[in-house]
Amino acid sequence: MAGRIVETEAYPPGDLAAHHYGGRTQRNASLFLPAHHAYVYYIYGSSFCFNLSSEDGGVGGGVLVRALEPLLGAELMCARRGSVAARDLCRGPGRLCRALGIDRRFDGIALFGEAPLWLASPDRARRSVGTSRRIGVSRASTRLLRFYERGNRFVSGPRSLSPA
DNA sequence: AAGAAGATTCGCT
DNA sequence: GCGAATCTTCTTA
């Protein structure tokens, strides 16, 4: 399976809303790995969320992947997700993990090495990227740290600038 | 050992 | 749009 990342949220060093704020614990240890390792956590008794570590080793920081545009293996994603619209397969952080079969077993793996999960070379196409507040976050809620491709139908939440 | 909060999703109105 | 479901992890006693 493959998908293009079309929506993310940043949780940089020192961010009050981040899981790494307050220091390293058993759960968030992967956020302190060097950039491009996986941090996967379970939330609300129902969903996994997939993040990339983003800083140097020992420094807490990460990026939540909130939505993918499915590129390959949509049939397998459907098999995992059940009967949902194609548009909803990977629209949302928990949904994309369900579609790809990502769970805590993936926590801590390097995303630049061999399978089972990795990042491909960057897509250098010119695209319009919008920003907004992060979704579902109560602390540091005014920071504009959500990034999404404008107009892309696979984005969860707002897909363009809100009026006023 | 117990309690509270949480980077969500789904179904119903 | 609103609220319940559901359980892991961390904090406090």
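Just so it is clear: chains get the letters A, B, ... in the order the sequence lines come, proteins before strands, and each one is counted from 1.
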A:Asp15 vs A:Arg139, test: salt bridge (Lys or Arg N to Asp or Glu O under 4.0 Å). Steps then yes/no.
CA-CA 9 Å; A:Asp15 175 23; A:Arg139 305 199 292 184; over 6 Å; no

From CA spacing to verdict: salt bridge (Lys or Arg N to Asp or Glu O under 4.0 Å), A:Arg153, A:Glu69
CA-CA 8 Å; A:Arg153 73 195 206 97; A:Glu69 177 178 337; over 6 Å; no

Using the rule given for side chain to side chain contact (heavy atoms under 4.5 Å, CB included), can you reason through A:Asn51 versus A:Val40, listing the C-alpha separation, both sets of side-chain angles and the distance that settles it, and then say yes or no?
CA-CA 6 Å; A:Asn51 305 250; A:Val40 180; over 6 Å; no

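In this structure, A:Phe48 places its CZ atom 11 Å from P of C:dC7, rounding to the nearest Å. For the pair A:Leu16 CG and B:dG6 P, the interatomic distance rounds to 11 Å; values are reported in whole Å. Atom CG of A:Asn51 is separated from atom C1' of B:dG6 by 14 Å (rounded to the nearest Å). In this structure, the OH atom of A:Tyr21 is 17 Å from the C1' atom of B:dA7, given to the nearest Å. Atom-to-atom, CD of A:Glu9 to C1' of B:dG6 comes out at 14 Å; the value is rounded to the nearest Å.
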Base contacts versus sugar-phosphate-only contacts with protein, heavy atoms under 4.0 Å: please encode nucleotides 8-13 of chain B as B, S and - from 5' to 3'.
BSS---

Going 5' to 3' through nucleotides 8-13 of chain C, assign each nucleotide B (protein heavy atom under 4.0 Å from a base atom), S (under 4.0 Å only from sugar-phosphate atoms) or - (no protein heavy atom that close).
SSS---

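When only modelled atom types and interatomic distance are considered, A:Arg146 and A:Ser132 share a side-chain donor-acceptor pair under 3.5 Å. Side-chain contact, A:Ser128 with A:Glu149: no donor N or O sits under 3.5 Å from an acceptor N or O.
Without hydrogens or angle criteria, A:Arg95 side chain to A:Arg91 main chain gives a donor-acceptor distance under 3.5 Å. A distance-only check finds no donor-acceptor pair linking the side chain of A:Glu55 to the backbone of A:Ala35 [under 3.5 Å].
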Would you write the dot-bracket representation of DNA chain B, where each base gets (, ), [, ], | or . depending on whether it forms a Watson-Crick or G-U pair under 3.5 Å and with which partner?
||||||.|||||.

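Annotation: cation-pi geometry not satisfied between A:Arg4 and A:Phe154 (NZ/CZ under 6.0 angstrom from ring centroid, within 45° of ring axis). Annotation: cation-pi geometry not satisfied between A:Arg159 and A:Tyr148 (NZ/CZ under 6.0 angstrom from ring centroid, within 45° of ring axis).
Taking the six-membered ring for Trp and thresholds of 30 and 60 degrees, A:His19 and A:Tyr39 have ring planes more than 60 degrees apart, a perpendicular arrangement.
Looking at A:Arg66, A:Arg133, A:Arg143 one by one, the single match for salt bridge (Lys or Arg N to Asp or Glu O under 4.0 Å) with A:Glu9 turns out to be A:Arg66.
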